[in-house]
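Computed from a predicted structure; not experimentally measured.
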Amino acid sequence: MTTTTTERTWSRPIVSAALALAVLATAGCAGTQTSGPAAESSTESSTGTAGATAPRTPGTADTAVDLAYDGPYDEAFRAGLSDYAGEQVRLRGEVSDLIGSRSAYVITAPGAPGTDPLLVSARYAAPELEEGAVVEVTGTLREDFEPPVTEEAGGDEDEQGFYAEHAGEPYLDEATVEGAS
């Protein structure tokens, strides 16, 4: 079989393009590191102050989550609630009220009784929680709580009243709790 000039002029660009794509594909993967000390030390999270970041501790639950705020539940946070709507936040506060199932509770600002309480809708029940416990909760801040719909015959009256009391208020959704003390 004889190769003609026309066949050579078409095959060179095709081979060159295929080779270029192969080089680009391997070059794009060469600098990617998914684990190890360098990857862990470069991961950062927001500490709640504009533009400030702090390194995360490797192995903690929030290493994949950037927090819009990480600090105390206090008047300053309460005043800026709208800035954090829809964002993941970590708050430290005191449990002031809870329902029997312990899947929802209220936190307040320790030492600042005038601060409006914040409802926490927990991802998981936390039966170890007690009123007065200082906790650290992480969840998504929502602006308008809608009480769960209960069946006419079902639902505890205290639980229904607890939820109704917080209707329309900001709350922390799908929250996890740490440090109940």
Subject >> Glu131 side, atom CD; Leu98 side, atom CG - distance, nearest 0.5 Å >> reply: 5.5 Å
Subject >> CD (Glu146) with more than 12 external heavy atoms under 6.0 Å >> reply: no
Original post:
Got Glu178 and Thr138 here, is their nearest side-chain heavy-atom distance under 4.5 Å?
Top reply: no
**OP:** Mind listing the closest non-hydrogen atom pair of Ala68 and Val89 along with its distance?
**Re:** CB-CG1, 4.4 Å
**OP:** Please examine the side chains of Arg142 and Asp173, heavy atoms only from C-beta on, and report whether any two atoms are closer than 4.5 Å.
**Re:** yes
Original post:
Does some side-chain heavy atom of Leu172 sit less than 4.5 Å from a side-chain heavy atom of Thr140?
Top reply: no
**OP:** Could you please spell out the steps behind the side-chain contact (heavy atoms from CB on, under 4.5 Å) verdict for Val177 and Tyr124?
**Re:** CA-CA 9 Å; Val177 63; Tyr124 308 107; over 6 Å; no
Original post:
Between Ile107 and Val137, is any pair of side-chain heavy atoms under 4.5 Å apart?
Top reply: yes
**OP:** Could you check whether the rings of Phe77 and Tyr69 sit parallel, tilted or perpendicular, using 30° and 60° as the cut-offs?
**Re:** tilted
Subject >> Flag side-chain contact, heavy atom, 4.5 Å: Ser82 against Glu143 >> reply: yes
**OP:** Hey, could you give me the NE2/CZ distance between His166 and Phe145, rounded to the nearest 0.5 Å?
**Re:** 8.0 Å
Original post:
Between Tyr105 and Ile99, does a side-chain contact (heavy atoms from CB on, under 4.5 Å) hold up when you go through it step by step?
Top reply: CA-CA 6 Å; Tyr105 47 94; Ile99 60 172; over 6 Å; no
Original post:
Considering only heavy atoms from C-beta outward, does the side chain of Leu129 approach that of Val135 to under 4.5 Å?
Top reply: yes
Original post:
Mind checking whether Pro170 and Arg78 have side chains closer than 4.5 Å, heavy atoms only?
Top reply: yes
Subject >> Shortest non-hydrogen separation from Thr108 to Pro117 and the atoms involved >> reply: CG2-CB, 3.8 Å
Subject >> Where Pro147 and Ala164 come nearest, the two heavy atoms and their spacing >> reply: CG-CA, 4.2 Å
Subject >> Leu141 vs Leu81, side-chain contact (heavy atoms from CB on, under 4.5 Å): CA-CA, chis, key distance, verdict >> reply: CA-CA 8 Å; Leu141 186 67; Leu81 275 174; 3.4 Å; yes
Original post:
Tell me, do Leu118 and Tyr73 make a side-chain contact under 4.5 Å, heavy atoms counted?
Top reply: yes
Original post:
Any idea which heavy atoms bring Val120 and Ala175 closest together, and the distance?
Top reply: CG1-CB, 3.5 Å
Original post:
Can Glu165 and Leu119 be said to form a side-chain contact (heavy atoms from CB on, under 4.5 Å), step by step?
Top reply: CA-CA 10 Å; Glu165 182 180 326; Leu119 175 66; over 6 Å; no
Subject >> Reported CG-to-CD distance for the pair Asp144 and Glu169, which is rounded to 0.5 angstrom >> reply: 10.0 Å
Original post:
Just how far is it from atom CD of Glu87 to atom CG of Leu67, taken to the nearest 0.5 Å?
Top reply: 10.0 Å
